[in-house]
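Letters A, B, ... are given to chains in the order of the sequence lines, protein chains preceding strands, and every chain is numbered from 1.
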Amino acid sequence: MKIPIAILSWLVLGLYLGSFYRYLVLFRDKTDQKASSARKWTISAVLVHTAYLFLLTIRNGHLPVGDTFRVLTTCAWLFVGVYLILEFRVKEMTMGVFFLPVIVLLQALSNVFVNVDKPLDPMLTELLFEVHVAVMISAYAGFTISFISSVMYILLSREMQSKKLGIFFERLPSLGFFDNLSNQAVNIGLILVTLGFAMGFYMGVNVWEGAWAWDPKLLAALISWFIYLLHFITRKYIGWQGKRAAIVSVVGFNWLLFSFIIVTTFFSTFHNFQ
Amino acid sequence: MPVFSFGVNLAGGNLAPHFGAICSAESLRKLVQKHSVKELFVFQNADGLDVFAVAEQREQFMADFFARASKTCGLTADAMSGATFRHQGPDALRRFFRRAIGLRTSGEIRVDVQTFRDQFALARKANLVGPYFSRLYQRGLWLAEKTRIDLNLQRNAITPAFVVHDLARKIFGHLHDRTALIVASTEECEPFVRKLHSEQAGQLLFVECDDNMRRLSEAYGGRMVEEKQLVDILPAADLILVFDGQLQENLHQVKISKVMQKRHNAPLLWVSLVEPSNGGKKNSQLSNHYNVYSYDRGDLDDIVSSNVEEHQKVEVTVSRLIELEVNSFFDWVGAKEQYRFGSIIGKSEAMQKILELVARIAHSDISVLIDGESGTGKELIARAIHDHSARVKSPFITVNCGAIPETLLESELFGHVRGAFTGAASDKMGLIEAADHGTIFLDEIGETSLATQVKLLRFLQEGEVKPVGSNDTRKPDVRVITATNRHLEQMVEQATFRQDLFYRLNVIQITLPPLRDRREDILPLADFFLKKHSRQTHKSIYGLDEEVQELLIQYDWTGNVRELENAVEHAVALASGQYLSVSDLPPTVSKRSPKAETAYSGDLTLKELERRHISAMLREHDWNYDLVTEILGIGRTTLWRKMKEYGISN
């Protein structure tokens, strides 16, 4: 079963690359025909991905959230699922070209770290832990969507303020659309992150018994939580709408990425999968 | 083809609510009947109506249309016809295609293809359009798609008003709950206001200056704001259009950051349309705030001129494409053969109706059952349906169920696997599967056995075929058209044809009338066959002489079109002159004197004579009761009574 899993993991990556290419072509040409082709690619990628995760789950006997490579691929799967739901609901496909690279990146990283049979700490297969990870991933999916729509907001807004209307003006939906989408995604992400923190806190008290209070990874996560809380408060009570809210969202997402990379490479942390 | 178009262009007036009344299916149908219009398509949009019609008498129809429209709208006929255009022939078609692809002739009209589709669907539902417009519509949609993909035609706004609208749409999405503030003292803001109004902007605010503005405000359902309140009202506006230089000075004194604070920094579109010569200075405050999108007249002009440049390039290409379409349409219509549909000739009303039906059903995958006497062209109709459907590039396979031995029919249709029966040396794909994505035409379906019928029914219901001797099923995507010259209803009663299959096949029934019931088609058909066969035999024959024409019309074509073709082929082969003469015709045709057909000789009672005469007259005039009553000199009710008495029916 190891070989089929390995094959599937690369097939999934290939399919995501293919659908990224389809979205790219769609962004360039914008025709109905290409739209359905892009969607078909994405859906088939998700189906194969589901099979892949299913096999992983069966093989290990627990949900694929126990270590880095599993989390990354689950992350990709959840993200793309959220994205597809979004795409069906708002009937707007231009975002795919910005979204699929994130998925491709996640899946590629996952494939680099792949190690199917590494034994896991039994604590990491507990249900509460699995839910904790799943909730956190979903929250990050929300932040990613907010990031992407914020980037598009900034691109479109900049083009309009420069008064030279080009491809973004032509292809993208309205600023109001992105603003709305980004805000909703942040709101949902915030709720989920808070929930995930609560669960993590409960587990942490039981497992680490206080020694973890200023763990760098937790600290980083807390800071990102504050950034998104700031996004919510400034928008709601100070009136940072539109571009400023978009910038806060972009900053928050960059912080998420950088802190993840920096903390995992330079600091030792309790909060890892070993 | 006498096609023409005219339009009612009612710029400025708010007539949208009346359009429904003018263009209701009922009132249009009345018009169509009154002026014997063949086809009619009324295309309405926010700015006016475009009427496209195929009819002989154009002026009367137009006059009547205007009279009705003006009565409904309460306008004088002069006022309406004053703002119109008229086109006919190719010009009308050009107009049609421009409409179909939403090309803006004046820069003021932008129609999306969806509106066009919807309106055509309405016309189709009301039974106002026929084969001509159906074809034009299909070509129009194709053209719209092509221009949209290849040329980005819809993209460019080419008037400042449209640019402003596009900008607002890009910022706010739809404008339904947005407030626009128009700071103007003259009517130059009118096109902008009209555009915003037609896009259903939430609220229009006008600054009170003079009567002109008050009138505009009323016309577009706006609200007046006093000059003193101008500054107070600013935060409420999402879209500010400034036309007046003096008022702009006042506005420039206002602190934008304060205004934006009051509106919680929600995005604001600020367009200054003051001429630079008229004291229009840039307001640097505007470009400094992160959520203000400010444009001045120069910016708009730049956008417009770059769009116009693009638009002109596109327009040249589009005109060329339209020209091609118009030419190909007229080729299709054919100067002499207007009544052709593909390779089918039929100018009789009965055939026209059938062709119309064919045009309408071709694009769906609905099952069609064609019945008619032998030689009436059932296969041609089936082929026409195939050729006008989206399946045209896939195979069209004809199976003559009567010609294949019953034992082989099943394996022919469904295929078989190796060893399924003696002689089945290898796997063979069935014809149904071979027609995947295309059409299969089952001729003489009445000849199939009950066993085959069961399998056919299964295929029609489940879409599955199972090769003989195989266990796995396949699901080809095939449209089924069937034909028969037997009375399937009777066969169903006699239980030699399965009722369920009959209903499956008979979703749409097309009954081809025998040639003797549509005698006006005989000469065009003969002419067609004459050309075909004289070309094949390299003879230059120009036509039929009058005696032959008479004979052909009178002859009782029991073998229908096929017999006619054979007769003409025979005559062409024998002909020595430039015109076919009676001596060239086959003896079966030439021997029957014209009189024989309608002979009233013999020992007949008066009643029998009357019966024969009435039925002959009816048949000759294609069951046109009005004409027949006139000829016979009796009233309609009398005719009806006598028909009933003698059991004459169509």
Straight-line distance of [X] [atom1] to [Y] [atom2], nearest 0.5 Å:
X        : Y        : atom1 : atom2 : answer
A:Lys163 : B:Asp296 : NZ    : CG    : 6.0 Å
A:Ser174 : B:Asp166 : OG    : CG    : 12.5 Å
A:Lys243 : B:Asn291 : NZ    : CG    : 8.0 Å
A:Leu175 : B:Leu269 : CG    : CG    : 10.5 Å

- Please flag which part of B:Ser294 lies under 4.5 Å from any non-hydrogen atom of chain A: side chain, backbone, both or neither.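 For B:Ser294, heavy atoms of backbone and side chain both lie under 4.5 Å from chain A.
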
- Query: Quick one: what part of B:Leu300 sits under 4.5 Å from any heavy atom of chain A, side chain, backbone, both or neither?
  - Reply: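 Interface part for B:Leu300: neither.
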
Around atom [atom1] of [X], are there more than 12 heavy atoms of other residues, nucleotides or ligands at under 6.0 Å?
X        : atom1 : result
B:His289 : NE2   : yes
B:Glu188 : CD    : yes
B:Trp270 : CH2   : yes

Can you say whether [X] sits under 4.5 Å from chain B via the side chain, the backbone, both, or neither, judging by heavy atoms?
X        : value
A:Tyr237 : neither
A:Leu156 : side chain
A:Arg235 : neither
A:Phe178 : neither

- Expected output: side-chain A:Gln161 to main-chain B:Val292 donor-acceptor under 3.5 Å: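 Here the side-chain-to-backbone pair exists.
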
Considering only heavy atoms from C-beta outward, does the side chain of [X] approach that of [Y] to under 4.5 Å?
X        : Y        : value
B:Arg169 : A:Pro173 : no
A:Met160 : B:Ile171 : yes
A:Leu165 : B:Asn307 : no

- Query: Looking at B:Tyr295, B:Tyr290, B:Tyr293, which one has more heavy-atom pairs under 4.5 Å with chain A than the rest?
  - Reply: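 The candidate making the most pairs under 4.5 Å is B:Tyr290.
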
